[in-house]
Every structure is written in C-alpha cells, then in structure tokens.
**Student:** 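I have a structure I would like to understand better, so I am pasting it below and will then ask my questions one at a time.
Below, read A as the first sequence line, B as the second, and so on, with proteins coming before strands; counting in each chain starts at 1. Model, not experiment: these values are computed from the prediction.
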Amino acid sequence: MKIATFNINGVKARIGALTDWLNESQPDVAVLQEIKSVDEAFPREHFEDLGYRVETHGQKGFNGVAIFSKLPLEDVTRGLPGDESDEQARWIEATVMGDTPVRVCGLYLPNGNPAPGPKYDYKLAWMERLKARAEALLAEEQPALMCGDYNIIPQAEDAKRPEAWTEDALYRMESRESYRRILNLGFTEAFRATTHGDGHYSFWDYQAGAWDRNDGIRIDHFLLTPQCADLLNSCWIEAEVRGRERPSDHVPVWVDLAA
DNA sequence: ATGTCTCATAATATGAGA
C-alpha cells in the first residue's frame with residue numbers, strides 16, 4: 001500500500017497539477033492538506049472519476065484536509081478532539097481497508113508565526129491535543145499513522161539554512177520539543193528510519209528562488225505506531241514535483257507499507 | 001532578505017496567511 005501526503009496549497013489552483021500527479025504516481029492513498037475549499041465546492045466527482053474515494057474536511061478560504069483512496073475507507077472522522085470551539089479544519093481520519101487495515105490520520109498543523117504571540121499559542125495548544133490523540137492511537141496497538149504538514153523542522157539537518165529559522169515557529173526550541181514529546185511516545189518517523197543526512201526537503205518557499213537554490217526545509221512527516229512501523233518497506237520524498245508547472249510549495253512524501 | 005502564491009472581498013486592488 002502506497003500512501004502519499006501532499007500539501008497542495010489550494011485545490012482550485014492545483015486541479016491540473018494534482019490530476020497529473022495522481023495519474024502518473026498512482027498513490028493508493030493521498031492525504032492532502034490546504035485544500036482551501038469548503039466541502040460543497042470541492043471537485044469531488046472529478047477525483048472520483050480518477051478512481052478515488054474522496055473524503056474532505058474543508059473550510060472557507062484557508063486550511064482544509066482530505067483523504068483520497070483507491071481502497072475502501074471506514075470510520076471517517078473529522079476534527080482533532082480536545083477543543084469543541086476550534087473551527088479550523090486541520091484533521092481527518094479514516095481506516096484504509098487493505099489486506100491489513102491501517103488507521104490513517106491526516107493533519108495540517110498550525111504554522112504558528114509570528115512567535116511568540118496568539119498564533120504560536122494556538123500551535124502549541126494544538127500540539128498538546130495532537131499528543132493526546134497520539135497516545136490514544138498507541139493504546140490501540142494497531143497499525144496507524146499520522147501524516148501531513150507538521151510545520152515542524154525536526155533538526156538542523158532538515159533545513160538548508162537552519163540559522164535562518166532559529167526564532168521561527170517551525171524551528172524554535174519549544175516547537176521541536178513539543179514534536180519530540182509526541183515522537184518519543186513510541187512513534188517511528190518514517191523518513192528518518194530509512195534515510196540519514198542533510199539535503200532532504202519537502203518545502204521550498206515561492207520567494208527568492210528558493211527551489212533553484214535548493215533552499216528548503218523538511219516539514220512534512222509520517223509518524224507510525226509500532227504496529228505500522230513493522231509494515232514499513234520504504235519512505236521517500238518526490239522532490240521532482242516542485243519543478244513542474246504551477247507547483248505547490250510542498251512536494252509529496254511517501255510511504256510504502258506491506259499492508 | 002525576500003525576488004511569490006492563493007484566496008476572499010469587492011475599491012478589477014488590497015490584506016491575510018503562509
């Protein structure tokens with residue numbers, strides 16, 4: 001089972017690029033962030049015609065997440081538990097019914113800039129809720145993963161210029177510590193389980209020729225429960241997508257699971 | 001450090017968010 005996470009930065013702006021990518025790369029499951037569409041306006045039928053079941057959790061203008069799957073989906077839920085007053089669409093879950101069922105959680109973690117400030121407080125509070133959901137997932141002792149745009153640069157090797165990010169919400173120590181507390185509950189970060197060293201990025205800013213200079217950061221991650229990590233065959237970043245026509249600023253990150 | 005992009009509103013430009 002091949003699962004890709006991809007922050008598409010707007011489904012309306014990306015419908016062509018997203019269609020081409022799905023047809024060429026053929027993920028079994030595509031977990032999308034920043035659809036920037038309400039559910040009613042999402043081009044669901046277009047993607048169903050490509051062979052995907054389509055589940056969305058959108059909102060007007062910003063954010064929004066989705067799961068596309070060629071395999072049946074069960075028990076779809078929307079919204080990260082823990083704050084009924086939170087109206088931002090950043091979390092969706094579904095069980096993908098392959099040979100081995102896998103609980104797939106798609107997330108778009110708050111950016112948090114400027115830090116410090118109310119947006120950063122929201123990021124940290126959201127991560128506390130994520131930790132609670134992560135603990136519950138682990139307690140089930142089943143194959144499950146949480147993937148998406150974490151807006152977290154885990155280590156210096158995950159940025160071309162780490163010194164430029166020290167005060168940024170994506171890299172400040174408080175952010176990284178919160179991320180590590182979740183990871184250290186017992187998750188496997190799929191990319192670093194299989195690839196070491198620097199120069200591996202999943203996001204390049206549109207500004208200042210960042211792609212041309214490979215001035216990137218790695219902020220799109222897969223966290224696997226132990227039962228899911230046992231199924232991990234490989235994990236890779238499809239960086240080439242960033243060089244296409246009218247690209248997102250993120251690229252797909254993949255896992256292949258024996259599921 | 002910023003040389004950009006997307007979306008919403010509606011001042012067919014501008015602000016917000018990233």
**Student:** For A:Arg161, answer base if it contacts any base atom (sugar-phosphate contacts may also be present), sugar-phosphate if it contacts only those atoms, and nothing otherwise; contact means non-hydrogen atoms under 4.0 Å.
**Tutor:** nothing
**Student:** Rounding to the closest angstrom, what is the interatomic distance between B:dT6 and B:dA11 at atom P?
**Tutor:** 24 Å
**Student:** Please report the distance, rounded to the nearest Å, between OH in A:Tyr206 and P in B:dG3.
**Tutor:** 18 Å
**Student:** Does A:Arg213 have a side-chain nitrogen or oxygen under 4.0 Å from the phosphate oxygens OP1 or OP2 of B:dG3?
**Tutor:** no
**Student:** Can you say whether the rings of A:Trp204 and A:Trp211 are parallel (under 30°), tilted (30 to 60°) or perpendicular (over 60°)?
**Tutor:** perpendicular
**Student:** Output the single nucleotide from B:dA8, B:dA18, B:dC5 whose closest atom is nearest the side chain of A:Lys12.
**Tutor:** B:dA8
**Student:** To the nearest Å, give me how far apart CD (A:Gln88) and C1' (B:dG17) are.
**Tutor:** 11 Å
**Student:** Atom NZ of A:Lys123 to atom P of B:dA18: distance rounded to whole Å?
**Tutor:** 10 Å
**Student:** In whole Å, what separates the P atom of B:dT4 from that of B:dA10?
**Tutor:** 27 Å
**Student:** With A:His250 as reference, evaluate A:Tyr201, A:Phe203, A:Tyr108 under the ring pair (Phe, Tyr, Trp, His ring centres under 6.0 Å) test and give the passing residue.
**Tutor:** A:Phe203
**Student:** 5'-most contact on DNA chain B: A:Lys119 or A:Lys36, nearest heavy atom basis?
**Tutor:** A:Lys36
**Student:** With a 4.0 Å cutoff (strictly under), does any side-chain N or O of A:Lys60 reach OP1 or OP2 of B:dT9?
**Tutor:** yes
**Student:** Could you check how far CG of A:Asp168 sits from C1' of B:dA1, rounded to whole Å?
**Tutor:** 14 Å
**Student:** Measuring only between side-chain heavy atoms, which start at C-beta, is A:Arg78 closer than 4.5 Å to A:Trp91?
**Tutor:** no
**Student:** Heavy atoms, side chains only, cut-off 4.5 Å: are A:Phe6 and A:Gln33 in contact?
**Tutor:** no
**Student:** Can you tell me how far P in B:dA1 sits from the matching atom in B:dG17, rounded to whole Å?
**Tutor:** 24 Å
**Student:** Starting at the 5' end of DNA chain B and moving along, which residue's nearest nucleotide shows up first, A:Gly209 or A:Asn63?
**Tutor:** A:Gly209
**Student:** Determine the contact category for A:Phe203: base if any of its heavy atoms lies under 4.0 Å from a base atom, sugar-phosphate if only primed atoms, P, OP1 or OP2 are that close, otherwise nothing.
**Tutor:** nothing
**Student:** Name the closest nucleotide to the A:Ala208 side chain, picking from B:dT2, B:dA18, B:dT4.
**Tutor:** B:dT2
**Student:** Using whole Å, what does the distance between atom P of nucleotide B:dC7 and atom CZ of A:Arg14 come to?
**Tutor:** 7 Å
**Student:** Grab the CZ-C1' distance between A:Phe62 and B:dA18 for me, whole Å please.
**Tutor:** 9 Å
**Student:** In whole Å, I'd like the distance from the CD atom of A:Glu34 to the P atom of B:dG17.
**Tutor:** 13 Å
**Student:** Let me know the distance between CG of A:Asn9 and C1' of B:dC7, rounded to the nearest Å.
**Tutor:** 10 Å
**Student:** What interatomic distance, in whole Å, is found between P of B:dT2 and the corresponding atom of B:dC7?
**Tutor:** 25 Å
**Student:** What about the rings of A:Phe68 and A:Phe47, do their centers lie closer together than 6.0 Å?
**Tutor:** yes
